[in-house]
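Below: one structure, written as structure tokens.
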Amino acid sequence: MANHTSEIKIKVTVDENKVPDDIRWTAKDGGIENEQAKAMLLSVWDSKVQETLRIDLWTKEMPVDEMKVFFHQTLVAMADTFERATDDKKMSDTMRDFCAYFAEKLELHKK
């Protein structure tokens with residue numbers, strides 16, 4: 001059985017100050033072709049140095065209210081991923097409690 005290679009491409013256009021103007025991504029296996037994004041968070045685990053490497057980008061057009069929703073949804077997704085990866089339901093539920101608190105303090109559910 002042959003292995004399949006999947007590729008995800010991210011293209012970032014920056015202004016003269018290296019601030020992102022445009023973020024585009026392609027994941028052909030997922031049916032995504034040159035889609036625009038206003039923000040992205042990417043974490044990669046480097047097992048050699050036992051450290052997380054990150055790329056956090058957002059464009060000038062990313063409104064603060066959308067950034068708050070983006071962070072909330074990312075935190076909820078991280079709790080779900082943590083549970084799938086570790087089978088630690090108790091800590092995952094604790095993370096979800098924080099997500100609910102986060103949403104409440106930012107009044108995200110009232111919109």
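All values derive from a computational prediction rather than experimental measurement.
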_Could you report the tightest heavy-atom contact between T52 and R54, atom names first, then the distance?_
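Scanning both residues completely, I find the closest heavy atoms to be CG2-CG, 4.0 Å.
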*Looking only at non-hydrogen atoms, find the nearest pair between T59 and A37 and report the distance.*
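Smallest heavy-atom distance, with atoms named: CG2-O, 4.1 Å.
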*Between E7 and K9, is a salt bridge (Lys or Arg N to Asp or Glu O under 4.0 Å) present by the stated rule, with each step listed?*
CA-CA 6 Å; E7 185 173 69; K9 294 181 183 180; 3.7 Å; yes
Cluster check [X], [Y]: I/L/V/M/F/W/Y, side chain < 4.5 angstrom:
X: V69; Y: L106; result: yes
X: V19; Y: W58; result: no
X: F71; Y: L108; result: yes

*Taking E83 for its side chain and D80 for its backbone only, find out whether a donor-acceptor pair lies under 3.5 Å.*
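Not confirmed, E83 side chain does not pair with D80 backbone.
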*So T26 and N34, side chain to side chain contact (heavy atoms under 4.5 Å, CB included) or not? Walk me through it.*
CA-CA 5 Å; T26 298; N34 201 36; 4.2 Å; yes
*State whether R96 and D93 are salt-bridged, where the test is any N-O pair (Lys NZ or Arg NE/NH1/NH2 against Asp/Glu carboxylate O) under 4.0 Å.*
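Looking at D93 together with R96, the answer is yes, because their closest N to O distance falls below 4.0 Å.
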*Using a strict 4.0 Å threshold on nitrogen-to-oxygen distance, state whether D22 and K11 make a salt bridge.*
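No, no charged N to carboxylate O under 4.0 Å.
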*Would you please test C99 and Y101 for side chain to side chain contact (heavy atoms under 4.5 Å, CB included) and show each step?*
CA-CA 5 Å; C99 292; Y101 172 81; over 6 Å; no
Counting only heavy atoms from other residues, nucleotides and ligands, does the tally under 6.0 Å from [atom1] of [X] exceed 12?
X: N3; atom1: CG; result: no
X: I55; atom1: CD1; result: no
X: I8; atom1: CD1; result: no

_side-chain contact (heavy atoms from CB on, under 4.5 Å) against I10, all qualifying residues, sequence neighbours excluded_ =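 I10 satisfies side-chain contact (heavy atoms from CB on, under 4.5 Å) with V12, I23, W25, M40 once adjacent residues are dropped.
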_For D21, give me all partners under side-chain contact (heavy atoms from CB on, under 4.5 Å), at least two apart in sequence or on another chain._
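Applying side-chain contact (heavy atoms from CB on, under 4.5 Å) to D21 gives D15, K60.
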_Sole residue of K68, E66, M67 in side chain to side chain contact (heavy atoms under 4.5 Å, CB included) with F70_ =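 With F70 as partner, K68, E66, M67 yield a single side chain to side chain contact (heavy atoms under 4.5 Å, CB included), made by M67.
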_Before you tell me yes or no, could you show the steps for F82 and M78 under side chain to side chain contact (heavy atoms under 4.5 Å, CB included), namely the whole-Å CA-CA distance, both residues' side-chain angles and the distance that decides it to 0.1 Å?_
CA-CA 6 Å; F82 183 81; M78 288 176 67; over 6 Å; no
*Do the ring planes of H72 and F102 sit parallel (below 30°), tilted (30 to 60°) or perpendicular (above 60°)?*
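The arrangement is parallel - the two ring planes meet at less than 30°.
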